[in-house]
Each structure stands twice: as structure tokens, then as C-alpha cells.
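These notes concern the structure reproduced below.
Here, residue 1 is the first one in the sequence, and each next residue gets the next number. This is a predicted model, so every value here is computed, not measured.
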Amino acid sequence: GVSKGGTVSFLISTPETGVDSIAFTWGLMNGVIAIFRPVSALITAIVAGLFVEFFDTDTPPEITEVSEDTCENCCSDSAPHAQHKDSIGSRFWNKGVKYAFTDLFGDLVYWLTMGLVMSGIIAALVPTGVMEQFLGGRLSSMLIMLVIGIPLYVCASSSTPIAAILMAKGLSPGAALVFLLAGPATNAAGLLLINKILGKKSLALYLLAIIICSLGMGFLLDYVYELWQIPPVSGLAQGSEALPSWGAILCLLVFVGLILYHLKTQPLPEELRKLQTFLQKILGFRLDWQFTRKGALYLGFFLYATTALAIVPPGEIGMEKVFGKVVKTGMAPGWHFCWPWPIASVDSLALNATRFVEAGFRLPSSIYSRKYGFSKIQGQGGSLRSKGKLDESMVLTGDENLMGLTYGISYKINDAEKFLYGIKHEKDLVRSLARAALVESIARRKIDLIYTTQRNQVEQEAMKRLQNYLDDAQ
């Protein structure tokens with residue numbers, strides 16, 4: 001007896017508001033998107049339901065109701081109630097822990113594995129920053145995510161690691177949210193089913209609501225990131241920070257063990273069985289568990305072997321660490337062979353790149369500013385306004401007057417090893433030392449001299465003093 005609008009709302013909201021998708025989003029991405037995702041799904045579901053209710057008044061087809069005896073084992077009065085008398089600990093184990101590691105994990109294992117494999121391929125093959133280089137502006141990247149997400153069959157769990165790695169490669173948070181909303185709610189098979197059951201008009205309204213709401217919430221999320229000055233990659237994989245390194249490795253081993261166990265014991269979902277049959281007709285042999293196990297073993301060995309290959313990007317130098325100790329520095333751009341993970345790792349740094357830190361103000365941390373840099377923003381004539389920082393700008397002069405200073409520091413790295421492994425919170429360090437250098441010079445002079453004849457002298461003294469401070473900090 002549910003109306004068309006209610007059915008459409010259910011189809012959109014159910015995948016995105018599950019506990020599993022919210023937990024994955026918080027762990028792999030961040031809390032902001034973890035809140036935005038279910039809220040956006042609820043808004044999209046309500047809008048789509050209203051669209052269908054108001055603009056599609058055709059009578060929905062009658063569907064045979066499920067008989068009562070089909071669910072007598074789970075909800076009839078004759079079902080035993082002994083479980084209600086169990087202790088709290090017993091109910092927690094039977095209903096909580098066992099469900100999480102058996103039923104829930106079994107339902108998600110195939111889709112989660114597909115998402116992890118796809119995100120791993122993207123992480124290995126797609127260079128950092130390629131998204132903002134090739135996908136163009138904000139609107140174009142969102143439209144591309146719509147074109148990819150609507151026909152692609154991904155559930156909420158498998159789409160989360162894919163969206164997280166796309167953000168790490170330079171995709172805007174709004175475009176990632178568009179993919180998270182459009183992917184699980186739409187796919188080619190599901191759209192055909194909606195067309196068959198609810199009709200073409202409901203299907204068109206269903207897609208229209210998803211497109212409008214996902215784009216709108218995507219722009220809103222980007223605006224929140226700019227308003228709160230949140231770097232787009234901030235908080236990615238923040239769940240790993242809740243555990244020490246040994247705890248993270250232990251959880252990883254348990255996680256991999258659960259995946260392998262459920263892949264062997266759980267039957268293929270219906271959608272994957274259809275894909276298996278289709279591939280069998282094309283390839284001429286059946287992709288059964290034995291073939292899949294061998295293929296997964298070979299693929300896993302190949303992927304592990306690729307960890308012995310390290311890429312140093314153009315314009316950067318690399319440093320190899322073996323068991324945490326730096327054994328090689330000055331690695332030239334290109335491919336390098338090293339010990340596989342977790343024995344060795346290679347870090348790279350753009351040594352000759354000019355870095356910039358603002359003090360007394362902040363530039364908008366938007367996709368636009370990250371793409372075009374400080375000089376482009378300065379040429380916008382105030383269209384992107386900076387935000388003042390009084391705690392950094394106010395300085396007391398020698399004649400006890402307060403000055404408000406806003407300044408920028410441009411610098412380069414001269415020792416990559418000390419910079420990467422000896423300095424934390426780089427911008428905060430440069431900003432605080434620059435303020436200390438300026439305060440020492442300004443405190444010796446009167447305000448009139450600072451504004452007029454001794455301004456250049458103050459700058460030169462502060463630069464020399466800051467350089468000495470930075471050398472000592474390394």
C-alpha cells in the first residue's frame with residue numbers, strides 16, 4: 001500500500017543511511033562528510049518522493065502481498081522468547097558481535113572487496129593531483145561523477161573507499177559527495193526495474209531529484225570546506241589515528257582474515273552471479289571459487305610485488321627508509337626498486353619548490369586557490385577575501401603602540417631529510433618563528449620610523465633572524 005513517492009524515498013535513503021556506510025565514511029574520509037552523506041540522502045529522498053507524488057499521479061501497479069506464513073519463523077507468536085531472558089553480556093555477544101562479524105560482514109564482503117580493489121588500483125595508477133588537472137572546474141568534476149556514478153553498480157560500502165582515494169588524488173569534496181549519492185542510488189539494472197514497476201515518469205523524476213540534490217549538496221559541502229578553512233584532504237583515513245600502530249596492524253590482519261573467510265563461505269550476490277554467467281558465455285569457462293582463489297592469490301602476489309617499485313614524481317627527490325632508518329637520499333625522479341612493504345618505504349619531496357605561508361591572515365583553502373596559487377588569488381581584486389588573525393598580527397612597538405601586520409613568507413627547503421623527518425607542523429613553525437623575528441625588530445623602533453624610513457631595514461633584519469631561527473630548528 002505504499003505510494004510511489006514513498007517507494008522512491010525508500011530506494012534512495014536506505015543505502016546511504018545504513019550504519020555500515022556511515023561508519024565507513026567516518027573511518028575512510030572524515031566526520032564532516034560522514035554527517036553530510038546521510039543528511040543529503042534524506043533530503044534527496046524527501047525531494048524525490050515529493051516530485052513523484054506531485055508530478056506522477058498515475059496509479060501504481062498492484063503487487064501481490066507477502067503471505068503471513070512466509071515470516072512465521074522470525075516474527076510469529078510461536079517463536080521462542082528465551083533470548084529475552086539471557087543476560088546482557090550474552091545478548092551482546094549473540095546479537096551484537098556475532099551479527100557484526102558474520103551476517104553483516106558476509107553481506108558486505110563482496111562489495112567491500114570490490115571497492116577496496118578498485119581504490120587500490122586508482123591509488124597505484126593515478127598520480128596525485130590528476131583529478132583537478134584533468135577534470136576541470138568544480139561543476140564539470142561533479143557532472144563527470146554523475147556520469148560515472150549513475151550507470152555504475154556500486155553499493156554504499158564499496159563506493160566509500162573509491163570516493164576517499166579520489167579525494168586523495170585531488171577530487172573536490174563536493175564531487176566526491178556527488179559520487180557517493182548518485183552511485184548507490186542508481187545503476188543501470190535498478191533504473192530498468194524502476195521503469196518497469198513505477199513507470200517512465202517516476203524514473204525521470206527519480207533521476208532529476210538525484211541530479212539536482214546531489215549537485216546542490218556538493219556545492220554546499222565545498223562551501224562549508226571553504227567557510228571553515230578545511231583542507232580537502234584533511235581527516236582522510238582519520239580512523240587510523242584512534243589506534244596505535246600495532247593495533248592498526250592487528251585489526252588489518254583480522255580484517256583480511258574475515259574477508260578471506262567470508263569470500264569462501266558466502267554465496268555470490270545475484271548481481272555477481274549474472275555477471276559470472278555473462279563472462280562464462282564470453283570466456284568459455286566458469287569463474288568458480290577455485291579459479292577465483294587462484295586468481296586472487298596470483299593477483300595478491302602481484303600487487304604485493306608492486307610495493308617494491310617506488311615512483312619519485314618529476315621535480316622531486318626521494319629518500320628510502322628500511323625499518324624506519326633512512327638508507328638512501330637524493331633519489332632522482334623515476335622508477336626505483338626497493339624492499340617491499342613493510343620493510344621499506346620511499347618518501348619524496350619537491351626540494352626546489354617555493355613554499356608560502358601567510359601570517360596575520362588566511363587565504364581561502366578552496367579548490368580554486370589550491371589549483372592556481374597565491375598570485376592568482378591576489379589578482380582577483382577581493383573576490384576571494386582573506387580572513388584576519390589578530391593573535392598573529394598585533395605587535396607592540398618601541399613607543400608602546402600597537403601595529404597590525406599582515407605578511408607572507410616564501411621559502412625553500414635546503415635539507416629534505418631533516419625537513420621530512422625532523423620537523424612537524426611546518427607552517428605553524430615558520431609562522432611562529434617569523435613573528436618572533438619581527439617582534440624583536442619592531443620592539444626596538446618607534447611606529448613612525450617603522451612605517452617610513454626604517455621599513456626595509458626591519459624586513460631585512462627579520463629575514464636574517466628568521467633564517468637563523470630556521471637553521472637552528474633543523
Side-chain angles (χ1 to χ4, degrees), residues 229 231 234 312-321 325-326 328-333 346-365 369-370 372-379 386-474:
Q229 301 293 301
S234 174
V312 178
E316 300 186 9
I317 63 170
M319 284 152 285
E320 181 182 354
K321 291 193 302 181
K325 181 180 179 180
V326 179
K328 186 186 296 185
T329 60
M331 299 170 64
V346 174
D347 299 316
S348 61
L349 177 70
L351 191 62
N352 296 322
T354 300
R355 297 167 178 262
F356 178 81
V357 172
E358 64 272 41
F361 70 105
R362 294 292 185 274
L363 294 172
S365 61
S369 62
R370 290 194 303 116
Y372 293 108
F374 177 69
S375 61
K376 183 72 175 180
I377 294 176
Q378 289 293 88
S386 61
K387 292 191 173 184
K389 293 285 184 178
L390 292 178
D391 56 333
E392 297 174 359
S393 62
M394 302 309 294
V395 180
L396 189 66
T397 65
D399 54 353
E400 298 183 353
N401 285 299
L402 282 176
M403 288 185 63
L405 298 179
T406 57
Y407 51 96
I409 308 102
S410 298
Y411 59 99
K412 292 184 178 181
I413 307 301
N414 58 18
D415 192 319
E417 182 178 351
K418 290 182 179 179
F419 178 80
L420 278 177
Y421 309 120
I423 292 179
K424 294 182 178 180
H425 309 294
E426 159 208 355
K427 290 189 176 182
D428 292 336
L429 175 65
V430 174
R431 193 177 287 121
S432 61
L433 292 180
R435 175 177 169 80
L438 275 172
V439 166
E440 188 170 347
S441 295
I442 291 175
R444 299 175 179 177
R445 293 173 171 85
K446 295 182 179 181
I447 190 171
D448 294 336
L449 297 177
I450 297 172
Y451 275 126
T452 55
T453 58
Q454 297 188 14
R455 176 171 179 170
N456 291 334
Q457 186 177 351
V458 169
E459 292 179 355
Q460 295 300 321
E461 287 182 4
M463 288 176 58
K464 292 180 180 179
R465 193 174 290 112
L466 175 60
Q467 184 63 60
N468 295 330
Y469 290 163
L470 291 174
D471 293 339
D472 294 339
Q474 296 184 9

Calculate, to the nearest 0.5 Å, the distance between atoms [atom1] and [atom2] belonging to [X] and [Y] respectively.
| X | Y | atom1 | atom2 | answer |
| --- | --- | --- | --- | --- |
| Leu438 | Ile450 | CG | CD1 | 9.5 Å |
| Ile409 | Arg435 | CD1 | CZ | 11.5 Å |
| Lys328 | Met319 | NZ | CE | 13.0 Å |
| Ile413 | Thr354 | CD1 | OG1 | 10.0 Å |

Solution key, residues 396-405 side-chain donor-acceptor pairs under 3.5 Å, sequence neighbours excluded:
| residue | atom | partner | partner atom | Å |
| --- | --- | --- | --- | --- |
| Thr397 | OG1 | Asp399 | OD1 | 2.5 |
| Thr397 | OG1 | Asn401 | N | 3.0 |
| Thr397 | OG1 | Asn401 | O | 3.1 |
| Asp399 | OD1 | Asn401 | ND2 | 3.3 |
| Asp399 | OD1 | Ile447 | N | 3.4 |
| Asp399 | OD2 | Asn401 | ND2 | 3.1 |
| Asp399 | OD2 | Ile447 | N | 3.4 |

Return yes when atom CE of Met463 has more than 12 non-hydrogen atoms of other residues, nucleotides or ligands closer than 6.0 Å, and no otherwise.
-> no
How about Arg455: does its CZ atom have over 12 heavy atoms from other parts shown lying under 6.0 Å from it?
-> no
Taking C-beta and beyond as the side chain, do Tyr407 and Glu459 meet within less than 4.5 Å on heavy atoms?
-> no
If every non-hydrogen atom of [X] is compared with every non-hydrogen atom of [Y], which pair is closest and at what distance?
| X | Y | value |
| --- | --- | --- |
| Ala462 | Ala437 | O-CB, 3.6 Å |
| Val312 | Ser348 | CG1-CB, 4.3 Å |
| Tyr411 | Phe356 | CE2-N, 4.3 Å |
| Arg431 | Ala359 | CG-CB, 3.8 Å |

Please, which pairs that meet salt bridge (charged side-chain N to carboxylate O under 4.0 Å, His left out) have at least one residue in residues 440-453, sequence neighbours excluded?
-> Glu440-Arg444, Glu440-Arg465, Arg445-Glu461
After noting the C-alpha distance and the side-chain angles of Lys321 and Val326, does the key distance pass the side chain to side chain contact (heavy atoms under 4.5 Å, CB included) rule?
-> CA-CA 4 Å; Lys321 291 193 302 181; Val326 179; 3.9 Å; yes
